[in-house]
**Q** 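Here it is, the structure, as structure tokens.
Chain letters run A, B, ... following the sequence lines, proteins first and then strands; every chain starts at 1. What's counted below: heavy atoms across the whole structure, side chains too, no hydrogens, waters or symmetry copies.
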There are 2 protein chains.
Amino acid sequence: MKKEITIYDIAENVGLSPTTVSRALSNHPRVHVTTRKKIMDAAKLLGYQSNIFASSLRKRRSKSIGVIVPKLNSPFQSSVLAGMEKIASQSGYNLVISQSMESLEKEISNTNIMYNSRVDGLLVSKAGTTDNIEHFQSFFNKEIPVLFFDRVPENNHSTGVVINNTQAIYDATAHLIKEGCKRIIHAVGNLQINVYADRLKGYKYALMDHGFVFNAENVISIELDEDSGERIVKKILNLSPRPDGLLVSNDTSAASCLMALKKRGIRVPQDIAIVGFNNDLISRMVEPNLSTINYPSYHMGEVAMKNLVNHLGDEQHEILQKTNTITLRSELIIRDSSKRHT
Amino acid sequence: MKKEITIYDIAENVGLSPTTVSRALSNHPRVHVTTRKKIMDAAKLLGYQSNIFASSLRKRRSKSIGVIVPKLNSPFQSSVLAGMEKIASQSGYNLVISQSMESLEKEISNTNIMYNSRVDGLLVSKAGTTDNIEHFQSFFNKEIPVLFFDRVPENNHSTGVVINNTQAIYDATAHLIKEGCKRIIHAVGNLQINVYADRLKGYKYALMDHGFVFNAENVISIELDEDSGERIVKKILNLSPRPDGLLVSNDTSAASCLMALKKRGIRVPQDIAIVGFNNDLISRMVEPNLSTINYPSYHMGEVAMKNLVNHLGDEQHEILQKTNTITLRSELIIRDSSKRHT
DNA sequence: AATTGCTTTGAAATCGGTTGCATCCATCTA
DNA sequence: TAGATGGATGCAACCGATTTCAAAGCAATT
């Protein structure tokens with residue numbers, strides 16, 4: 001039960017006031033260099049550790065940033081988080097992380113906890129069922145910046161960091177058309193989520209632009225998990241004429257589809273060409289390698305965090321006010337799963 | 001710039017003292033039910049949010065738990081974190097997460113930040129280069145519990161949550177021997193890390209117990225990343241006689257090896273049988289499916305966090321003192337990559 | 001010598017919730 | 001009826017760092 005060392009102990013030790021000690025420790029310019037040095041030395045000697053609560057209570061800032069993601073255990077999210085942590089750590093911010101489990105209820109609860117923890121800023125990727133952003137109102141009221149990434153709400157005034165999902169799937173669709181596909185299936189997640197809704201748009205636009213007729217039967221909205229391949233493939237094989245192109249909105253599910261197809265002796269890409277999404281590790285490990293959209297997840301984490309941190313450092317709080325959306329570059333990577341011409 | 005609502009505002013509102021308000025809000029028994037109700041209602045009405053800093057400052061507890069992992073973007077770690085977050089959230093704890101990037105220096109810095117942030121407990125999976133635990137001394141001194149998981153330090157008195165790595169690789173090795181492998185390569189990570197050192201032991205013991213002679217040439221210590229397959233396979237193919245069994249200490253690398261082998265026309269499992277480690281998604285998606293060790297990562301996160309939380313709730317602080325190591329069940333999963341008999 | 005201006009330092013209030021001790025009042029016991 | 005018992009509530013002192021305002025020290029200028 002060692003006693004806690006405070007600035008008062010240091011003050012006593014060096015024969016100065018706590019005020020001066022406080023200033024010296026926070027590199028305030030109005031302390032003589034010699035004094036500062038003496039205080040610094042004493043602090044180190046005594047093993048002083050600043051009490052973050054006292055400091056935060058007084059300064060009304062926590063030097064921590066909250067992050068709410070739908071699920072922690074996804075290759076995409078963990079990569080985003082890694083990028084965020086890198087920047088936050090460099091800038092002296094702590095990361096308080098929680099997951100909404102795709103539930104609006106839990107997202108609200110997490111948001112309140114974050115508010116209560118007095119985070120200086122919040123980074124959010126929405127849960128699937130979240131269709132409003134009322135629960136962030138307390139943040140807006142207190143002008144605590146909230147920045148959305150990947151899954152951003154519609155029609156809002158907060159800043160978002162995204163990729164152009166519409167364009168990405170447009171390109172992928174156009175690619176499949178160019179490869180000679182006549183009937184292209186789009187397997188997509190929950191259409192309440194902007195990400196998937198935008199992708200569906202891209203798919204429709206591309207069809208339209210290439211003289212194809214959109215057919216709702218060709219869109220499968222389904223949870224894109226590890227086992228989704230079987231379900232998707234079953235649906236596909238019931239269709240007539242049989243589809244020859246498949247756009248799957250994440251690589252895990254695309255890989256799962258690939259397995260399900262191969263199990264049935266259907267050749268990829270000869271019988272059905274596949275394009276995934278995310279450029280996860282798995283897209284490079286299955287056979288044939290999956291064509292996919294490179295989603296710069298790590299970079300997205302970095303960019304989102306950098307913007308938030310810059311905003312917090314900016315006294316006028318102008319950075320985010322002036323920015324509405326930051327769109328990162330994504331690109332189609334063509335691999336063997338969709339190459340039908342040699 | 002809304003004014004902050006404090007217990008003093010509530011006190012004034014209901015005509016009671018801040019003391020009673022504080023007690024009512026924290027469900028102290030010495031407040032009359034009627035009074036409590038009145039206070040609760042006023043709090044809700046005024047939109048009161050407890051100031052966690054003031055509370056933590058006084059109570060000297062933060063209701064947050066620090067987690068330090070080597071890298072956030074790994075399937076294993078993100079799954080562990082997901083398990084931890086679930087339990088922490090249920091128990092009312094916040095998670096402050098940082099990554100050491102496999103660097104001792106950063107681990108030390110992170111540890112100090114965590115200490116400074118006054119986390120109530122710390123969960124750590126060591127960085128590769130960490131060979132001592134001096135930097136946790138401040139935690140030990142103040143009796144703040146530190147619990148290690150997966151990568152635990154040697155010879156220490158802290159609690160660790162692990163699997164039996166030795167046994168796991170022992171089983172895998174024995175399995176390959178039973179499948180008729182005559183020369184088994186063990187591709188393993190940094191041997192400074194207990195996890196890999198233990199696995200090497202298991203490999204050696206199994207060889208010994210089955211009348212094989214250990215040969216240092218058969219052990220490849222290498223970073224087990226996505227590209228490691230090429231490097232491992234090159235080494236293997238230079239050996240004579242050519243190995244016919246390959247134990248790779250994580251699935252990412254095992255999948256990478258599989259690709260490198262297939263590229264060279266070497267058949268798996270006929271020419272070389274492979275066993276991976278972790279039971280990551282990828283082991284079920286490559287062809288042939290990888291035999292692997294099921295590592296209960298999500299469960300490990302839950303168990304580690306549960307123990308820490310129970311310990312914190314236990315006034316006598318006896319739980320962790322009495323426990324040294326918690327070993328979770330892991331198991332060999334045999335899939336096609338190592339089945340040589342039908 | 002007196003005034004001005006600058007740098008360096010300090011006293012004291014403050015952030016908001018918690019808690020040891022005291023007080024008040026109603027009920028109960030002898 | 002006096003005194004004891006106990007539940008409900010309040011006073012005031014914390015927890016430790018920050019910050020406003022002011023004062024003190026010192027040199028330069030008039």
Side-chain angles (χ1 to χ4, degrees), chain A residues 1-40 42-43 46-64 92 115-118 120 142 144 315, chain B residues 1-40 42-43 46-64 92 115-118 120 142 144 315:
Chain A
M1 288 299 152
K2 269 202 317 191
K3 200 181 68 230
E4 204 75 37
I5 304 291
T6 72
I7 52 168
Y8 299 93
D9 299 319
I10 300 179
E12 199 173 349
N13 186 281
V14 297
L16 286 165
S17 74
T19 308
T20 308
V21 174
S22 171
R23 283 204 264 258
L25 292 172
S26 52
N27 281 314
H28 194 288
R30 295 227 310 247
V31 178
H32 198 276
V33 240
T34 329
T35 315
R36 185 201 314 285
K37 176 88 171 64
K38 197 164 62 175
I39 290 173
M40 289 297 199
L46 296 172
Y48 169 77
Q49 294 279 352
S50 153
N51 185 316
I52 205 170
F53 301 133
S55 169
S56 296
L57 174 58
R58 185 61 230 246
K59 290 202 296 194
R60 302 163 150 280
R61 291 189 297 118
S62 65
K63 273 284 173 181
S64 72
Y115 181 81
N116 223 268
S117 308
R118 298 294 202 281
D120 292 343
K142 270 187 68 183
I144 302 168
E315 288 309 316
Chain B
M1 288 301 150
K2 267 201 319 192
K3 198 181 68 228
E4 203 77 35
I5 305 291
T6 72
I7 53 168
Y8 298 93
D9 299 319
I10 300 178
E12 199 173 350
N13 187 282
V14 298
L16 286 164
S17 75
T19 307
T20 308
V21 174
S22 170
R23 284 204 263 258
L25 292 172
S26 52
N27 281 315
H28 193 289
R30 293 226 312 246
V31 177
H32 197 277
V33 242
T34 328
T35 315
R36 185 201 315 286
K37 176 88 172 65
K38 197 164 61 174
I39 290 173
M40 290 296 201
L46 296 172
Y48 169 77
Q49 294 278 353
S50 154
N51 186 316
I52 206 170
F53 301 133
S55 169
S56 296
L57 174 60
R58 184 64 230 246
K59 290 203 294 193
R60 302 162 153 278
R61 290 190 298 115
S62 64
K63 272 286 174 182
S64 72
Y115 181 81
N116 222 268
S117 306
R118 300 293 202 280
D120 292 343
K142 270 186 70 183
I144 302 169
E315 288 308 315

**Q** Could you tell me the separation between the CZ atom of A/Arg58 and the C1' atom of D/dC15, rounded to a whole number of Å?
**A**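 Checked: the CZ to C1' distance equals 15 Å.
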
**Q** State, without any angle test, whether A/His28 and A/Ser26 hold a side-chain donor-acceptor pair at a distance under 3.5 Å.
**A**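 A/His28 vs A/Ser26: no donor-acceptor pair found between side chains.
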
**Q** Classify the side chain of B/Tyr8 versus the base of C/dG17 as yes if they form a donor-acceptor pair under 3.5 Å and no if they do not.
**A**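 Present.
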
**Q** Quick check on D/dA17: is either OP1 or OP2 less than 4.0 Å from any side-chain nitrogen or oxygen of A/Ser22?
**A**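 For A/Ser22, the contact criterion (side-chain N or O under 4.0 Å from OP1 or OP2 of D/dA17) is not met.
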
**Q** Would you mind reading off the distance between B/Arg60 atom CZ and D/dC14 atom P, rounded to a whole angstrom?
**A**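 In whole Å, D/dC14 P and B/Arg60 CZ are 13 Å from each other.
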
**Q** For A/Leu25 and D/dG16, what is the distance between atoms CG and P respectively, to the nearest whole Å?
**A**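 For the pair A/Leu25 CG and D/dG16 P, the rounded distance is 15 Å.
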
**Q** Whole angstroms only, please: what is the NZ-P distance between B/Lys37 and D/dA8?
**A**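 Whole-Å distance recorded here is 18 Å.
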
**Q** Can you work out whether B/Val31 or A/Ile7 has the more 5'-proximal nearest nucleotide on DNA chain D?
**A**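 Nearer the 5' end of the strand: B/Val31.
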
**Q** Report the distance from atom NE2 of A/His32 to atom P of C/dC6, rounded to the nearest whole Å.
**A**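 Distance check: A/His32 NE2 to C/dC6 P gives 17 Å.
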
**Q** Please report, rounded to the nearest Å, how far the C1' atom of C/dC15 is from the CD1 atom of A/Ile52.
**A**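 In whole Å, C/dC15 C1' and A/Ile52 CD1 are 16 Å from each other.
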
**Q** Hey, which of these two, B/Ala54 or A/Thr35, hits DNA chain C nearer its 5' end, going by closest nucleotide?
**A**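 It is A/Thr35 whose nearest nucleotide is closer to the 5' end.
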
**Q** For side-chain contact (heavy atoms from CB on, under 4.5 Å), just list the numbers for B/Asn27 and B/Met40, CA-CA rounded to whole Å, side-chain angles, deciding distance to a tenth of an Å, and then say yes or no.
**A** CA-CA 10 Å; B/Asn27 281 315; B/Met40 290 296 201; 4.1 Å; yes

**Q** From the set D/dA17, D/dT19, D/dG10, return the single nucleotide nearest to any side-chain atom of A/Lys59.
**A**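 Closest of the options to the side chain of A/Lys59: D/dT19.
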
**Q** What are the two closest non-hydrogen atoms of B/Ser117 and A/Ile52, and how far apart are they?
**A**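 Answer, listing the atom of B/Ser117 first, then A/Ile52: CA-CG2, 4.0 Å.
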
**Q** Regarding D/dG6, can its base be found pairing with the side chain of B/Arg30 as donor and acceptor, where the two atoms are less than 3.5 Å apart?
**A**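 For B/Arg30, whose side chain was compared with the base of D/dG6, there is no donor-acceptor pair (under 3.5 Å).
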
**Q** How close or far is atom P of C/dG17 from atom CD1 of B/Ile10, stated in whole angstroms?
**A**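 Between P of C/dG17 and CD1 of B/Ile10: 8 Å.
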
**Q** Is there, by distance only and without an angle test, a donor paired with an acceptor across the side chain of A/Thr19 and the base of C/dA11 below 3.5 Å?
**A**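 Such a pair is found, so the answer is yes.
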
**Q** Would you give the length of the straight line joining atom NZ of B/Lys142 to atom CD of A/Gln49, rounded to the nearest 0.5 angstrom?
**A**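 These two atoms lie 8.5 Å from each other.
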
**Q** Give a yes/no answer on whether the side chain of A/Ser17 brings an N or O atom under 4.0 Å of OP1 or OP2 in C/dT9.
**A**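 For C/dT9, OP1/OP2 do not have a side-chain N/O of A/Ser17 under 4.0 Å.
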
**Q** Please state how far atom CG in B/Leu57 lies from atom C1' in D/dT18, giving the value in whole angstrom units.
**A**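 Spelled out: CG on B/Leu57 to C1' on D/dT18 is 13 Å.
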
**Q** Applying side-chain contact (heavy atoms from CB on, under 4.5 Å), run through A/Tyr115 and A/Ile144 and close with a yes or a no.
**A** CA-CA 9 Å; A/Tyr115 181 81; A/Ile144 302 168; 4.1 Å; yes

